[in-house]
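Notes follow once the structure below has been shown.
Since the structure is predicted, the reported quantities are computational estimates derived from the model, not experimental observations.
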Amino acid sequence: MIASTTSKVLLSAASRSSALQLCSTRGLASAPAEKLRCIFEEYRKTNFSRETPNRFKKELFKSVAPSPTATEIDVEGINMLLRNIGHESDCLSRQEQDTLLDEAVGHHDTRSIPVEKVLQLV
């Protein structure tokens, strides 16, 4: 029983490591955007393998939008989403949030990101 649990943990860690390596070769995005891209892609492959990546992203971020017609989401909503999918340890720090905001909207005075920008970044 212990051996099978250990092997599952090792396999999970190995698959996550390979997914992160695969993701890190894409694009010239900021480190926080790359981090999110890898986490969400791994989650999609594990839990939503039949969904297209674009459809998955729309459904995922719709869950943290303040309303169905919202055009922006609060950057803290991304951390709430990470906690909801079991990646609490991967939540973005304030500095990572600022970097993401700078990349998405050019400043971090306001703490929200247009949904279309979030979909492009991740």
So salt bridge (charged side-chain N to carboxylate O under 4.0 Å, His left out) across residues 77-86, not counting sequence neighbours, yields Glu76-Arg83
Going by side-chain contact (heavy atoms from CB on, under 4.5 Å), name the residues that satisfy it together with Ser67, two or more places apart in sequence or in a different chain.
Thr69, Ala70
Going through the checks in order, is the side-chain contact (heavy atoms from CB on, under 4.5 Å) test met by Ile113 and Leu101?
CA-CA 7 Å; Ile113 303 175; Leu101 286 164; 3.3 Å; yes
Please determine whether salt bridge (charged side-chain N to carboxylate O under 4.0 Å, His left out) holds for the pair Glu34 and Arg37, giving the CA-CA distance in whole Å, both sets of side-chain angles, and the decisive distance to 0.1 Å.
CA-CA 5 Å; Glu34 232 10 79; Arg37 183 179 293 125; 2.4 Å; yes
Pairs flagged by ring pair (Phe, Tyr, Trp, His ring centres under 6.0 Å) wherever residues 57-76 is involved - sequence neighbours left out
Phe40-Phe61
With sequence neighbours excluded, what pairs up with Asn84 under the side-chain hydrogen bond (donor to acceptor under 3.5 Å, both in side chains) test?
none
Expected output: side-chain Glu103 to main-chain Ser30 donor-acceptor under 3.5 Å:
yes
Residue pairs passing the side-chain hydrogen bond (donor to acceptor under 3.5 Å, both in side chains) test with at least one member in residues 111-122, sequence neighbours excluded, are Glu72-Ser112, Gln97-Arg111, Asp98-Arg111
Measure across His107 and Thr110 and return the closest heavy-atom pair with its distance rounded to 0.1 Å.
CE1-OG1, 3.5 Å
May I have the step-by-step check of side-chain contact (heavy atoms from CB on, under 4.5 Å) for Asp90 and Lys35, ending in yes or no?
CA-CA 8 Å; Asp90 293 316; Lys35 174 182 173 179; 4.1 Å; yes
CD1-CG distance between Ile39 and Leu82, expressed to the nearest 0.5 angstrom
5.5 Å
If you round to the nearest 0.5 Å, how far is CZ of Arg94 from NE2 of His108?
7.5 Å
Sequence neighbours excluded - salt bridge (charged side-chain N to carboxylate O under 4.0 Å, His left out) pairs with any residue from residues 58-69:
Arg55-Glu59, Glu59-Lys62
Distance-only, no hydrogens or angles: does the Ser63 side chain make a donor-acceptor pair with backbone N or O of Leu60 under 3.5 Å?
yes
Distance, nearest 0.5 Å, that separates CD1 of Ile85 from CG of Asn47:
8.5 Å
Once rounded to the nearest 0.5 Å, what's the spacing between atom CG of Leu121 and atom CG of Leu100?
5.5 Å
So, taking the atom named CE in Met80 and the one named CD1 in Ile73, what distance separates them when rounded to the nearest 0.5 Å?
9.0 Å
Sequence neighbours excluded, which residues qualify as side-chain contact (heavy atoms from CB on, under 4.5 Å) partners of Thr71?
none
Are side-chain heavy atoms of Arg44 and Ser49 found at a separation under 4.5 Å?
no
Under the side-chain contact (heavy atoms from CB on, under 4.5 Å) criterion, do Leu92 and Leu36 qualify, and how do the steps go?
CA-CA 9 Å; Leu92 299 176; Leu36 292 173; 3.9 Å; yes
Keeping the roles fixed (side chain from Glu96, backbone from Ser93), state whether a donor-acceptor pair exists under 3.5 Å.
yes
